[in-house]
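Notes follow the structure.
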Amino acid sequence: MNFERTAKALSEIERKTLEVLADEKEKGILDISKESELDKDSVRRAVGWLAEKKLIELKENKAENLVLSPKGKEAFEKGLPEQRMMKALHKLGSKAGFGKVMKEACLEKTEFNAALGKNKRKAFVFIIKEKEPMIELTEVGLEFLEKTPEEKIVLDSIENKQVSTETAEEKETEIITELIERGLAEKKESTERLARIKEDGKKAVSLLEKSGGKRAYNIHDPAPTIFIGKKQPYIQFLQQIRRKLTELGFKEMETNLIELEFYNFDVLFQPQNHPARSWTDTYQLKGLKKGNLPDKKIVKLIKEAHEFGGKTGSKGWGYDWSAGIASRLMPAAHGTAASARQLVKGVEVPGKYFAVARCYRPDVIDATHLSEFNQMEGFIVDKSFNFRHLLGMLKQFAVEIAGAEDVKFYPDYYPFTEPSVQLSAKHPQLGWIEFGGAGIFRPEMTEQLGIEGKCLAWGLGIDRLAMFKLGIKDIRHLFSSSLNWLREEPLVNME
Amino acid sequence: MPTLEANKKDLETLIGKKFKSRAELEEALMYAKAELDGLEGDELKIDVKDTNRPDLWSIEGIAREIKGRIGKEKGIPVYKVGKSKVKAKIEKGLENIRPKAAYAVAKNIMVTDELIRQMVQLQEKICQSFGGKREQVAIGIFDFDKIKGNVRYYAADPEFEFVPLGYRVKMNLAEILEEHPKGIEYGKLLKKFKKYPLLVDEEEGVLSMPPIINSEESGKITEKTRNLFIDITGFDQEKINVALRIVCCALADRGAKIESVELQYPNGKKLVTPNFKNKKFKIRKEYAGELSGLDKTDKQFETLLKQARYNVKNNGVNFEIEYPSYRQDILHEVDVIEDIIISEGFNSIEPATVSVSTIGNELCEVKDNDVLRDCCIGIGLQEVLTFTLTSREKQERKMCTEEQNFVEIENPVSENWSVYRKSILPELLEFLGMNKHAVYPQRIFEIGKTVHFNKKSDTGVTEKNKLCLVLASREANFTHAKSALQAVCNARKWKFSLTEKDDPRFEKGRCAEISIGKRKGIVGEINKKVLSNFGIEMPVAAVEIEL
């Protein structure tokens with residue numbers, strides 16, 4: 001049974017090799033190659049495999065081979081030097097000077113001299129002394145030109161492996177010795193592997209003849225790997241949350257990598273002397289200092305909110321607000337800058353908004369910090385909203401997005417929301433995690449900009465969740481630079 | 001966010017309640033917007049989340065807040081202020097240097113190691129964050145019994161000498177700025193002036209050189225010290241008054257008797273500090289209910305307010321409230337309403353379902369990019385994600401291009417993240433360079449933002465989305481890259497044309513500029529020099545197009 005499977009699973013080259021050996025003769029690689037019309041490498045491989053399967057036996061045989069030297073090869077292809085000399089002479093009108101003949105026959109000086117000596121001895125050429133020495137082709141030479149000299153025949157036999165030191169006849173041996181002396185051929189010792197079919201091999205051949213020769217596959221053989229095109233797991237994760245939010249009725253807001261301080265801070269009611277605006281907490285730009293503030297009316301509203309609370313009943317921060325500071329540019333420091341832009345642009349009431357924003361902070365990069373990261377933020381707005389809706393919205397996020405079983409709220413502080421909340425979610429595997437921050441936008445922002453309704457703003461700590469879902473411990477891995485990891489990471493529904 | 005170190009027993013003594021479990025302590029800390037960050041034995045680490053409430057940046061302040069919430073005290077804490085005999089004279093010449101001051105005396109205090117630790121911590125937190133690294137608020141605390149008579153604050157010559165705290169020899173003011181560790185740290189606040197602020201007593205004994213250093217003579221507080229003198233300097237009287245109140249309340253909470261000091265400014269204006277006069281504010285009752293969503297009677301609201309340490313009168317329409325003078329964060333009714341909600345307890349409020357229905361939508365650009373991602377994945381490319389911040393080294397030098405203008409970071413953490421990328425290609429080449437061990441062919445792509453100067457935009461830049469794909473294999477060539485480009489363009493029905501181009505990033509004669517309408521791009525075989533710069537040993541063909 002096992003033997004039958006082995007036989008049927010023989011590959012094409014194994015099969016052909018075995019068929020050649022079926023006559024029970026001992027054969028070398030070359031012989032098999034010739035008979036099977038397989039190239040030598042394939043035969044070598046097939047012989048190895050067949051021996052392993054115990055269908056044939058191998059014997060190593062030390063043999064002395066004859067091979068041609070590079071010069072011999074040249075002679076094999078272009079003819080022997082003496083022939084080439086005569087052909088050249090014939091072409092040059094049977095008589096020519098030394099130099100001309102040498103050039104026409106493409107012979108080197110030493111080769112030329114040897115060939116000349118040989119041809120003279122055989123009386124194929126004469127040397128005539130005129131102004132300069134000339135070579136002339138004789139009648140005998142001309143006659144011989146049509147024939148193939150014995151040396152060439154032996155040379156060809158060597159190249160074609162038709163003759164060896166062992167098989168050569170007496171006459172051939174003489175010529176071989178001459179060729180070796182002339183440096184055209186050489187003896188080379190080699191090990192030859194000889195294959196002979198075994199009993200099992202014969203059985204296999206007859207089995208194959210009966211079965212009609214269709215190869216059986218081993219389904220357990222390894223198949224080549226294909227690397228499919230795949231989406232980056234972290235982008236895919238963000239994309240799935242995006243989809244979730246749009247299903248919940250959220251509209252996506254535009255985000256900027258580079259933002260005016262106006263949107264990053266001022267619209268969000270962060271006073272211009274706020275410690276968070278200082279140099280160590282945010283990146284600053286070189287060579288790109290100021291941008292353009294929006295409509296003057298809007299700028300005036302924000303200025304008044306900061307200075308005395310505007311029309312909102314707030315005291316404001318009580319300082320001279322500077323448009324110069326507000327028009328400075330900076331790498332966006334938080335996703336709320338996108339909300340600020342939306343508030344200025346105008347919002348629909350009721351409305352739900354979100355943004356996935358790339359943000360920057362001058363943190364030294366390590367396993368828990370990136371200096372460039374994504375934030376997912378937004379707000380919902382309606383006249384009817386109150387603090388309890390804020391808690392309701394956060395609970396919905398925790399359940400829908402993080403798959404949380406329970407939530408807990410903690411008082412928190414953000415300069416732009418009051419009241420402010422921190423959301424902790426109890427994840428079935430992660431336990432309690434800080435999942436987000438939220439609050440109601442201060443009236444100095446919303447009322448002042450004429451928005452009729454309360455804006456319940458939120459930001460989610462999605463990186464932690466992404467790391468968990470992707471099973472990674474190092475936050476830098478979200479932007480993975482390992483192709484192997486990206487290739488091997490399974491495609492999963494991350495919800 | 002300020003982090004405080006404290007002792008659990010000390011906190012319990014200040015509150016007058018023992019916490020039986022960690023959970024109970026955590027629950028109580030929530031009332032002070034604080035979070036337990038660590039608990040080892042009796043040592044506590046507490047994060048205070050409110051960066052706008054310096055009165056909560058001390059263990060005494062946290063205890064005070066909790067006392068109200070758990071019913072140990074109600075309404076505004078009452079601090080009695082006696083009158084000390086000390087008078088303070090502020091002389092001319094300080095107007096530009098450091099013009100404002102506030103003083104107080106705290107008597108009969110039991111100085112312990114814990115008190116010293118808490119005072120140092122409070123001083124540090126107030127001066128660093130609220131005081132803008134001592135610029136706007138600097139605090140000095142002295143042994144009152146070493147001070148003789150009245151005090152005088154004036155602008156002294158740099159040659160004036162005294163022994164600074166922790167030293168044994170006299171140094172002059174200029175030397176202190178140059179050589180003393182505190183002088184080196186805070187010297188930039190004074191160096192531009194010709195004279196420096198100095199606080200002395202009646203016998204010319206130095207108390208301190210604000211905002212740099214106290215004197216060894218009176219600035220040293222030990223367990224033997226019984227009475228303290230507090231000096232606060234800055235530029236804004238209201239701001240330093242708040243700081244003084246916070247320090248005085250903390251000392252009073254530990255049993256000190258606070259006494260005031262009478263100040264006279266050069267213009268003759270007199271002032272008595274500290275002043276604990278409560279501040280007034282009005283809350284619309286209706287608004288409190290509307291914003292908090294709490295369905296409460298007036299009485300219940302009043303109780304919640306008192307728990308949050310407000311005094312309340314109900315005048316029918318409004319709650320007329322008073323709040324403690326150490327608070328400076330109340331700008332709008334919402335600030336008080338948040339305190340009402342904290343008193344109620346965030347977790348005892350029933351969340352309400354948001355039933356507003358709206359129609360969601362992703363950004364057009366996001367949807368477009370997503371279609372393109374699908375095209376690239378269809379071709380069999382792996383998506384990767386790299387950073388938008390990068391280095392000139394990668395974008396310019398390794399790419400063998402000429403010097404370009406990048407939007408650059410003024411204060412980079414590292415040169416590796418110091419400019420905004422203009423092209424994604426170098427980032428993907430770097431990716432290949434880091435993955436030489438992975439099986440080839442390697443075929444990757446990224447769609448992302450690049451940043452380019454644009455004076456017409458309000459932010460001074462255009463943020464262009466680009467698609468970049470790179471193919472690395474033994475056979476990778478121009479034709480492969482063009483095939484990929486063609487496939488993407490066909491899928492999106494974009495018509496593209498190619499023009500021969502010489503580009504140092506690409507092999508000569510193996511590069512073309514792409515035009516898709518007005519949008520440009522480049523396709524070709526990456527130059528061997530560039531490949532070796534990124535350590536890539538395989539031919540690479542690439543496409544990058546603007547989207």
Side-chain angles (χ1 to χ4, degrees), chain A residues 229-232 234-235 242 246-252 254 256-260 275 279 283-288 291-292 312-315 329 350-352 358 362 364 371-372 380 382 386-389 391-393 395 408-413 418-419 421 442-443 479 481 483-484 486-487, chain B residues 30 33 49-52 129 290-293 331-335 338 341-342 346-347 349-354 356-363 366 373 376-389 407-411 413 417 431 434-435 438 442 449 451 458-461 463:
Chain A
K230 269 162 65 186
K231 297 183 179 177
Q232 209 270 4
Y234 177 48
I235 297 182
R242 236 189 201 114
T246 52
E247 280 167 17
L248 293 171
F250 282 84
K251 267 199 180 70
E252 187 169 6
E254 276 175 37
N256 283 333
L257 303 183
I258 292 182
E259 194 49 281
L260 288 156
W279 146 279
Y283 272 129
Q284 305 199 331
L285 296 171
K286 200 193 266 183
L288 184 68
N292 297 319
T312 65
S314 167
K315 291 190 226 168
L329 292 165
K352 298 181 182 176
R358 190 69 69 92
V364 175
S371 78
E372 180 178 345
I380 63 176
D382 190 44
N386 62 43
F387 184 72
R388 290 178 50 225
H389 293 105
L391 300 186
M393 173 187 71
K395 197 172 169 181
K408 223 172 165 185
F409 303 110
Y410 295 87
D412 206 341
Y413 175 78
E418 192 85 12
V421 192
R442 295 191 64 99
F479 291 72
S481 56
L483 185 57
N484 284 341
L486 290 171
R487 280 172 168 173
Chain B
M30 267 167 69
K33 286 203 195 176
K49 291 190 207 158
D50 200 328
T51 50
N52 199 29
S129 301
E290 186 192 307
L291 186 77
S292 66
L331 303 182
H332 188 278
E333 289 161 290
V334 291
D335 297 300
E338 182 185 67
I341 301 172
I342 294 174
F346 277 23
N347 295 301
I349 297 170
E350 182 62 32
T353 311
V354 174
V356 166
S357 140
T358 50
I359 292 173
N361 210 347
E362 286 170 42
L363 282 177
V366 169
R373 291 168 73 216
C376 293
I377 280 150
I379 300 174
L381 310 180
Q382 168 69 50
E383 184 178 31
V384 304
L385 176 63
T386 63
F387 294 108
T388 57
L389 281 183
V407 176
E408 214 169 323
I409 302 284
E410 171 94 43
N411 53 334
V413 176
W417 294 280
F431 185 99
M434 286 192 285
N435 285 285
Q442 298 183 0
K449 279 184 172 177
V451 179
D458 67 337
T459 57
V461 296
E463 294 170 11

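Bear in mind the structure is a predicted one, so any value in this text is a computation, not a measurement. In what follows, chains are A, B, ... by sequence order, proteins preceding strands, each numbered from 1.
Both the backbone and the side chain of Gln382(B) come within contact range of chain A, each with at least one heavy atom under 4.5 Å from a heavy atom of that chain. Heavy-atom distances place both the backbone and the side chain of Val334(B) under 4.5 Å from chain A. Both the backbone and the side chain of Asn256(A) come within contact range of chain B, each with at least one heavy atom under 4.5 Å from a heavy atom of that chain. Using a 4.5 Å cut-off between heavy atoms, Asn435(B) touches chain A through its side chain atoms alone. For chain A, no part of Glu333(B) is nearby; none of its heavy atoms comes within less than 4.5 Å. Within the 4.5 angstrom heavy-atom criterion, atoms from both the backbone and the side chain of Val384(B) approach chain A. Looking at Arg358(A), the atoms closer than 4.5 Å to chain B (heavy atoms on both sides) all sit in the side chain, from C-beta outward. Contacts between Phe250(A) and chain B at a heavy-atom distance below 4.5 Å involve the backbone alone (N, CA, C, O). Looking at Pro350(A), the atoms closer than 4.5 Å to chain B (heavy atoms on both sides) sit in the backbone and in the side chain alike. Looking at Leu329(A), only its side chain comes within 4.5 Å of chain B, counting heavy atoms on both sides. At a 4.5 Å heavy-atom cutoff, the contact between Val356(B) and chain A is made by backbone and side-chain atoms alike. If you measure heavy-atom distances from Leu381(B) to chain A, the contacts under 4.5 Å come from the backbone alone.
Ile341(B) is not listed as a side-chain neighbour of Phe409(A), based on a closest heavy-atom distance of 4.5 Å or more. In this structure, Phe479(A) and Thr386(B) have side chains that are not in contact, with every pair of non-hydrogen atoms separated by 4.5 Å or more.
In terms of non-hydrogen atom pairs under 4.5 Å with chain B, the most contact-rich of Lys230(A), Arg442(A), Lys408(A) is Lys230(A). Highest contact tally toward chain B, considering only Glu259(A), Glu254(A), Lys395(A), is held by Glu254(A) [criterion: heavy-atom pairs under 4.5 Å]. Comparing Ser371(A), Pro411(A), Ser314(A) by heavy-atom pairs within less than 4.5 Å of chain B, the highest count is held by Pro411(A). The candidate with the highest count of non-hydrogen atom pairs below 4.5 Å against chain A, out of Cys376(B), Gly378(B), Gly360(B), is Gly360(B). Of the residues considered (Lys251(A), Lys315(A), Arg242(A), Arg388(A)), Arg388(A) shows the highest number of contacts with chain B, using heavy-atom pairs under 4.5 Å. When the candidates Ile409(B), Thr358(B), Leu331(B), Val407(B) are compared by the number of heavy-atom contacts under 4.5 Å with chain A, Leu331(B) comes out ahead. Ranked by heavy-atom pairs under 4.5 Å with chain B, the list Asp382(A), Thr312(A), Ile380(A) is led by Thr312(A). Ranked by heavy-atom pairs shorter than 4.5 Å toward chain A, the options Val451(B), Leu389(B), Thr353(B), Val461(B) are led by Leu389(B). The candidate with the highest count of non-hydrogen atom pairs below 4.5 Å against chain A, out of Gly380(B), Ser357(B), Gly293(B), is Gly293(B).
What you find for Glu463(B) and Ile258(A) is that their closest heavy atoms are OE2-N, 2.9 Å. In terms of heavy-atom proximity, Glu383(B) sits nearest to Lys231(A) at OE1-CA, 3.3 Å. Listed here is the closest heavy atom pair of Pro419(A) and Glu338(B): CA-OE2, 3.1 Å. The two residues Arg487(A) and Ala438(B) come nearest to each other via the heavy atoms NH1-CB, 4.1 Å.
With rounding to the nearest 0.5 angstrom, the CD atom of Glu350(B) is 9.5 Å from the CG atom of Leu391(A). Taking OG1 of Thr388(B) as the reference point, atom CD of Glu372(A) lies at 3.0 Å (rounded to 0.5 Å). Going from atom CG of Leu291(B) over to atom CZ of Phe387(A) covers 9.0 Å, rounded to the nearest 0.5 Å. The structure places CD of Glu410(B) at 6.5 Å from CD of Gln284(A), a figure rounded to the nearest 0.5 Å. In this structure, the separation between CD1 on Ile342(B) and CG on Asp412(A) is 9.5 Å, given to the nearest 0.5 Å. Remark: Leu363(B) CG to Thr246(A) OG1 distance equals 11.0 Å, nearest 0.5 Å.
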